[in-house]
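This report concerns only the one structure given below.
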There are 2 protein chains.
Amino acid sequence: MAKMTRKCSDSPTCSVDYAFRRIGGKYKGRILWSLNEHKIIRFGELGRILADVTTKMLTQTLRELEKDDLIIRKVYHQVPPMVEYSLSETGFELIPFITYLKEWGDKKIEKEKNKNTETSLLA
Amino acid sequence: MAKMTRKCSDSPTCSVDYAFRRIGGKYKGRILWSLNEHKIIRFGELGRILADVTTKMLTQTLRELEKDDLIIRKVYHQVPPMVEYSLSETGFELIPFITYLKEWGDKKIEKEKNKNTETSLLA
DNA sequence: CCGAATCCGCTGAGATACTG
DNA sequence: CAGTATCTCAGCGGATTCGG
């Protein structure tokens, strides 16, 4: 097949790709979800919530989300400094979908657990 | 901050992460979307639809989706061989999510286009 | 036609140290 | 507290070749 040089320019699947590139990162889903739960979160606090992220990746991901207008970054110029993150309006529009996705995940986790129980009973 | 050793074991954000790991690949969203549009797609056909994927990545991604029970792989043992892919029930449950996401993407693309028109008018 | 297998460059994730 | 800066290294993803 090799690579088809044509980019998915006007394909209807393209906006699917567009959206996934904006929320598909390793941490983006959890960040958006956490911001919806807590409304406002400070940088360090967010790091503690995600629990498996480095400052570098957290900064990088937050910058991307900010660039795409999904979150709002508010800096307080004081010592020690304080930076608060919150959902933008566009970002907030994604919450219903993430909620749906979370429920799907919960359901699937439950289903897998049952399957594992079955197999272990058979063993 | 470094890395917090604790994995997000029972955090409510964990199932968000779980779900994103299953559909967050570079091509997974588009594959699921295409399968919903066409119901049944053959391997080569899928490659032509995505238009920017190599056989290796396509195979790899399809295997992951199959392993997670999101798609069904049906092999016809004949010459030349034929393999058909379709959505599983669990995979189909994701379609509403992807549909909404696509609409969100369309809307956002439109919004960005308008913004660019404005700035070019100002120039 | 539908892949599997191999080689390989390069990015991007992670660890660590440092700064305003 | 909220980040940069730098380095290292695994693994993602691409090109190519081979097989049923």
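Residue numbers start from 1 in every chain, and the chains themselves are labelled A, B, ... in the order their sequence lines are given, proteins ahead of strands. Side chains included, hydrogens not; waters and symmetry mates left out as well; all remaining heavy atoms used. Keep in mind that this is a model prediction, so the values were computed, not measured.
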Does the side chain of [X] get closer than 4.0 angstrom to OP1 or OP2 of [N] through an N or O atom?
X	N	result
A/Q60	C/dA13	yes
A/R48	D/dA2	no
A/R42	D/dG3	no

**Report entry** 5' precedence on DNA chain C between A/K26 and A/P80 (nearest-nucleotide basis)
**Finding:** A/K26

To the nearest Å, give me how far apart [atom1] ([X]) and [atom2] ([N]) are.
X	N	atom1	atom2	answer
B/Y76	C/dC1	OH	P	17 Å
B/E64	D/dG11	CD	P	14 Å
A/M57	D/dC7	CE	C1'	16 Å
B/L58	D/dG14	CG	C1'	14 Å
A/Q78	D/dC1	CD	C1'	10 Å
B/F43	C/dC2	CZ	C1'	6 Å
A/R63	C/dG12	CZ	P	18 Å
A/I41	D/dC1	CD1	C1'	16 Å

Requested in this report: Would you classify B/Y85 as touching base, sugar-phosphate or nothing, given that sugar-phosphate means primed atoms plus P, OP1 and OP2, and contacts are heavy atoms under 4.0 Å?
Outcome: sugar-phosphate

Report task. With heavy atoms under 4.0 Å as the rule, sort B/Y27 into base, sugar-phosphate or nothing. Result -> sugar-phosphate

Requested in this report: Output yes when A/K107 and A/E103 qualify as a salt bridge under the 4.0 Å nitrogen-oxygen rule, no when they do not.
Outcome: no

[X] side chain: which of [options] is closest?
X	options	result
B/P81	D/dG3, D/dG20, D/dA2	D/dG20
A/R73	C/dG3, D/dG3, C/dC1	D/dG3
B/T59	D/dG3, C/dG20, C/dA4	C/dA4

Requested in this report: Any chance you could lay out the side-chain contact (heavy atoms from CB on, under 4.5 Å) test for B/T59 and B/T54, step after step, and finish with the verdict?
Outcome: CA-CA 9 Å; B/T59 303; B/T54 58; over 6 Å; no

Report task. Check each of A/I41, A/L35, A/N36 against A/K39 using the side-chain contact (heavy atoms from CB on, under 4.5 Å) test, and report the only one that passes. Result -> A/N36

**Report entry** Check: A/K56 side chain, C/dA15 base, donor-acceptor under 3.5 Å
**Finding:** no

Report task. Determine whether B/E64 and B/K67 make a side-chain contact, defined as any pair of heavy atoms from C-beta on separated by less than 4.5 Å. Result -> no

Query raised in the report: Do B/D69 and B/S88 have a side chain donor and acceptor closer than 3.5 Å?
Result: no

